[in-house]
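Everything on this sheet refers to the single structure shown next.
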Amino acid sequence: MFPQTGNTELNLSRATSSFLENTLPIFLPVSNIGNTKAHKEFMKNNGSLIVKSPFGKIEIRGRLLGQNHKDILEMLLCQTKSLVQSDNSISVNFGRYKFLKNIKKNVTSYDWLEDKIKEIRDFNFGIEYIDKNGKIVQHGGFGIIDQYKFLDNKTMSIKFTKEFTEFYKMENLLDYGSYVSKIAALEEPFLKALVREMIKHQKYQINFNTFIENYNLNNLLSGRAIYKFKELLLKDDVKDTLLKQFNIIVKNVGEEILISMKRDNSKVCVLINNKSSFPVKQK
């Protein structure tokens, strides 16, 4: 698949994620968010956190989310989407058993899934970035999930907010549905964040320290957590998994760790929306 420019509704139906979600540090790459600098700052500011990166700024309110929430959001977006006529939002309906199986969780973990969906419902975010013409673009604060229903027949119904739907109609999107279960199967949240960053690019390399800077992780996490990320990347089994599952290569180059990949375009497609002004480079 090559980058597709075309029908906004078709792009929306295919979307797994927005390009911006995989560019900005919206979903923290840790298991225990409560132990992070980000959480301390969030609580200090009465449930608000502003994070800057080289690519833009996000303001988070209500709740901090992690990569496990991103697993769920991506799998929700992999379901068949229906248009809600009343406000032009989208909704999905699905069976909990199959959904949990696809994100590699215990298929009886209904309470866990419901709790995580409620946490996504609590989340609110705003985005600001500089477009390709040097102008500031802002997406005002909005939530992702508007309503949820947990039905007795073990099915669920999720309605996304109309603002989130409009955001997806405006911005460039990514279709990587065949990777969603594989990403969810990774045990370490940092690896999930890394894969989501790398698969945006057709051919790409970045060193470890630059990745940390791009996500402003030095200000969000402890130095010890970042050191553990580096140790994790140097493990042979991790290198092997990244290579075999995602064609991501991790190498030591002097004192640096270089991460590179050539994307499989049969599994990942960039969906270009004509209204988007976020600069997307496909190297």
Mutual orientation of the aromatic rings belonging to Phe190 and Phe229 [parallel < 30°, tilted 30-60°, perpendicular > 60°] = parallel

Should the ring pair Phe142 and Phe164 be called parallel, tilted or perpendicular, given that the plane angle runs from 0 to 90° and is split at 30 and 60?
->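 Plane angle between 30° and 60°, so tilted.
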
Could you give me the CA-CA distance, side-chain angles and deciding distance for Lys228 and Glu231, then say whether salt bridge (charged side-chain N to carboxylate O under 4.0 Å, His left out) is met?
-> CA-CA 5 Å; Lys228 285 186 175 181; Glu231 286 188 320; over 6 Å; no

Which value, rounded to the nearest 0.5 Å, describes the distance between [X] atom [atom1] and [Y] atom [atom2]?
X      : Y      : atom1 : atom2 : value
Asp122 : Ile144 : CG    : CD1   : 11.5 Å
Met75  : Asn102 : CE    : CG    : 4.5 Å
Lys192 : Glu187 : NZ    : CD    : 9.5 Å
Glu9   : Asn11  : CD    : CG    : 9.5 Å
Phe160 : Ile120 : CZ    : CD1   : 8.5 Å
Thr165 : Asn88  : OG1   : CG    : 8.5 Å

Salt bridge Arg196-Asp71, side-chain N to carboxylate O under 4.0 Å = yes

Contacts table for residues 211-220: side-chain donor-acceptor under 3.5 angstrom, sequence neighbours left out:
unit_1 : atom_1 : unit_2 : atom_2 : d
Tyr215 : OH     : Asn22  : O      : 2.6
Tyr215 : OH     : Glu197 : OE1    : 3.3
Asn216 : OD1    : Asn219 : ND2    : 2.7
Asn216 : ND2    : Lys52  : O      : 2.9

Is there a donor-acceptor contact under 3.5 Å from the side chain of Lys81 to the main chain of Ala15?
->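 Confirmed, Lys81 side chain pairs with Ala15 backbone.
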
Just checking, is any N or O donor in the side chain of Lys251 or Ser260 under 3.5 Å from an acceptor N or O on the other one?
->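 No, no side-chain donor-acceptor contact under 3.5 Å.
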
Any chance the side chains of Tyr179 and Glu74 put a donor and an acceptor closer than 3.5 Å?
-> no

Residue among Leu76, Val92, Leu151, Ile117 satisfying side-chain contact (heavy atoms from CB on, under 4.5 Å) with Met156 |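 Looking at Leu76, Val92, Leu151, Ile117, the match for Met156 under the side-chain contact (heavy atoms from CB on, under 4.5 Å) is Ile117.
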
Non-hydrogen side-chain atoms of Glu21 and Lys70 separated by less than 4.5 Å | yes

hydrophobic_cluster_shared for Ile199 and Ile249, side chain cutoff 4.5 Å | no

